[in-house]
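Remember, it's a predicted structure, so these values are computed and weren't measured experimentally.
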Amino acid sequence: TLIIRRPHVIFSTTMSRSSTGPTNYNDLLKKTEHYDKDERYMAISDLCEALKRNAAQASSSEHGGDATSGGANSSPYVSHIDSQTERRICSAVLSLLDDSSNDVQTVAVKTLSVLLVTVQEEQVVEICDRLCTLVLDQSKSDLRDVYAIGLKTLVERVPNSMGNIVSHRLISRLIDGIHTNSTTPSAKSKGKKPPTPTSGTSVEDKNSEEIVLACLNVLTDLLTRFGATSNSITQQHEPLLNVTLSQLASPRPVVRKRAGTTIGVLATVISDTLLTRLVERILDQIDQAEGLGKSGKRKAKKAHKGGSDKRTLAASDLRSADTRSLIRTMCTVSGTVGHRLYQGHIDRIVPIFLRFCDPDDAVTGDDEDYDSDEVMADASDDMKGMSEEAAAAMQIELRESCFAGFESFVLRCPALIQPHLDQIVHSSLAYMRYDPNYSYGDEDSSDEDAIEDEDEEVEDDEEEDEYSDEDDMSDEEDDENW
């Protein structure tokens, strides 16, 4: 094989031969183990292209005629890949996911997407198990992103006929992966040992967070594609609901946000009974949070007065969850399945949301009620140690989430939201008059600054006059001395 090297370009005669003749998979598989990363890169690239051609020709033969009988669309270079070669190809591609070269890893992930539609179910299951094991492995932190992309690619590209078997292999392991690596109170109470106070604790926590994020990400894709058709997933709806809700109490904002996205997808496939339980559990926790501003706090105290302290599943987790994450999740659920909510749900949600965006708290100038002490009193753990401006910005984001929820209700369930439209419109008009990007109090301060600048200019002129008089006197004295 003649290899021609140019800056950023590598050509191989193997590529040109494989495009015009039958592919020698044995040679390509040997080169995937070569010590030179350029050889490995060319080998996996050629293997990827060969698999693409083989899949395209096989599909064409199935639709246009039998390749073995010499159909019009058959090709003399379509070679059947036997099961042993398939296993060797799968092993070679999976091993290259752990390659030292990032370019080789990238092409290996692309090859997986082609391989998944060409090999038999047995090899797909093997790839699925191997990738899931690598994603959940604590010692594979450096390449976990690559493995997670490969697993997402498998979920997205696997044939529909294999959806149930893939879901069966993944769903339980992903749920266990979240439980094992979770840092929420319920996970610790179920037997997970707290981190030991060693120098490696932060690294372990980071690895656990990455595993949880990867599992939630793959679960979202799995629910999106097979959530409504796979019996394996249907049987796990309740455990899925519990584990995703528990992640809303994670100390990591990115985990809470990802969990909210997964819950939004899960809400589209679960039963009405589980959906009702989901909405009530989220609302119970939001209802315990105080509103913003003085009027919001008064309404919260009034709502809590005489109320019973309800306890729900995983309440210890949700009680420590960030209010913004709960409201964001509720907005996501209402946006996806708002038409499945009951009138009682809407009647509970709207008053709670209005507590966080009450018209009486809308500011049109300097917000006297929005002082720093009150801002920090409302702040969650994420806001501790932040500046007053950053804390205020997070409160504005909370109000924005509430208005997004109102928008989803009006669009998805207009009949149910009708009794509350007057309050929503009143609140919307009040906050439309306030632009958080404009400082209303700067005009007076700018006038004062202008007056101060004028005074400073007058003082400077007087000082210059004094200095000029002294200069004149010194000149006269010099003349007299002469």
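With sequence neighbours excluded, the residues satisfying side-chain hydrogen bond (donor to acceptor under 3.5 Å, both in side chains) with R88 are N26. K152 is linked by a side-chain hydrogen bond (donor to acceptor under 3.5 Å, both in side chains) to D221, counting only residues two or more places apart in sequence or in another chain. Listed by chain and residue number, nothing satisfies the side-chain hydrogen bond (donor to acceptor under 3.5 Å, both in side chains) test with H237 (two or more places apart in sequence, or in another chain).
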Ignoring hydrogens and angles, write down the donor-acceptor pairs under 3.5 Å from the side chains of residues 122-129, residues two or more places apart or on other chains.
residue	atom	partner	partner atom	Å
D129	OD1	R169	NE	3.2
D129	OD2	R169	NE	3.4
D129	OD2	R169	NH2	2.5

Distance-only donor-acceptor pairs under 3.5 Å for side chains of residues 138-146, two or more places apart:
residue	atom	partner	partner atom	Å
Q138	NE2	N181	OD1	2.9
Q138	NE2	S208	OG	3.4
S139	OG	D137	OD1	2.8
S139	OG	D137	OD2	3.2
R144	NE	V135	O	3.0
R144	NH1	E210	OE1	3.0
R144	NH2	D137	O	2.4

Report, one line per pair, each donor and acceptor closer than 3.5 Å where one atom sits in a side chain of residues 265-272; sequence neighbours left out.
residue	atom	partner	partner atom	Å
T268	OG1	V265	O	2.5
S271	OG	L274	N	3.4
D272	OD1	R340	NE	3.2
D272	OD1	R340	NH2	2.8

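Within the 3.5 Å criterion, the main-chain N or O of L216 finds no donor-acceptor partner in the side chain of R258. T332 places a side-chain N or O within donor-acceptor distance of the main-chain N or O of R328, the cut-off being under 3.5 Å. Judged by distance alone, with hydrogens and angles left aside, the side-chain atoms of S250 form no donor-acceptor pair with the main-chain N or O of Q247 at under 3.5 Å. In terms of modelled atom types and a separation under 3.5 Å, the side chain of S427 and the main chain of Q423 share no donor-acceptor contact. Under the 3.5 Å distance criterion, the side-chain polar atoms of S246 are matched with a main-chain donor or acceptor of V243.
In this structure, R130 and Y147 have side chains that are not in contact, with every pair of non-hydrogen atoms separated by 4.5 Å or more. Side chains of V114 and K110 form no contact here, defined as non-hydrogen atoms less than 4.5 Å apart.
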Let's go through L154 and L112 carefully: what are the C-alpha distance in whole Å and the side-chain angles of both, what is the deciding distance for side-chain contact (heavy atoms from CB on, under 4.5 Å) to 0.1 Å, and is it a yes or a no? CA-CA 7 Å; L154 183 145; L112 274 180; over 6 Å; no

Give the intermediate values and the outcome of side-chain contact (heavy atoms from CB on, under 4.5 Å) for residues L47 and I44. CA-CA 5 Å; L47 182 60; I44 188 62; 4.2 Å; yes

Residues R277, E238; criterion salt bridge (charged side-chain N to carboxylate O under 4.0 Å, His left out); working and verdict: CA-CA 10 Å; R277 187 187 305 176; E238 188 168 358; 2.9 Å; yes

Using side-chain contact (heavy atoms from CB on, under 4.5 Å), reason through S113 and R157 one step at a time and then give a plain yes or no. CA-CA 6 Å; S113 63; R157 296 296 303 274; 3.5 Å; yes

Side chain to side chain donor-acceptor pair (under 3.5 Å) between S83 and Q120, intermediate numbers included: CA-CA 8 Å; S83 59; Q120 302 299 317; over 6 Å; no

Run V254 and E209 through side-chain contact (heavy atoms from CB on, under 4.5 Å) and show every step you take. CA-CA 9 Å; V254 64; E209 177 186 346; 3.3 Å; yes

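For the 3.5 Å distance criterion, the side chains of S334 and S408 qualify, holding a donor opposite an acceptor. T133 and R173 are linked by a side-chain donor-acceptor pair at a separation below 3.5 angstrom, with hydrogens and angles left out of the test. Looking only at atom types and distance, the side chain of T220 has a donor-acceptor partner in the side chain of T262 under 3.5 Å away. Of the N and O atoms on the side chains of H420 and D347, at least one donor lies less than 3.5 Å from an acceptor on the other residue.
Heavy-atom minimum distance, V333 versus L275: CG1-CD1, 4.2 Å. Here the closest non-hydrogen pair linking Q105 and D98 is NE2-C, 4.4 Å. Residues L222 and S167 come closest through the heavy atom pair CD1-OG, 3.8 Å. For the pair C413 and I346, the tightest heavy-atom approach, listed with the atom from each and the gap, is SG-CD1, 4.1 Å. Here the closest non-hydrogen pair linking R412 and G338 is CB-CA, 4.2 Å. Contact record, P159 with R225: C-NH2, 4.1 Å, taken as the closest heavy-atom pair.
From L248, atom CG reaches atom CZ of R281 across 9.5 Å, with rounding to the nearest 0.5 Å. One finds the CD atom of Q418 at 15.0 Å from the CZ atom of F409 (value rounded to the nearest 0.5 Å). Atom OG1 in T111 sits 10.0 Å away from atom CD1 in I89 (nearest 0.5 Å). With rounding to the nearest 0.5 angstrom, the CG atom of L219 is 8.5 Å from the CG atom of L170. Taken from CG in N217 to OG1 in T261, the straight-line distance is 9.0 Å, to the nearest 0.5 Å. Atoms CG and CG, from L136 and D176 in turn, are 9.0 Å apart once rounded to the nearest 0.5 Å.
The aromatic rings of F406 and F403 stand perpendicular to each other, their planes meeting at an angle above 60°, with 30° marking the opposite boundary.
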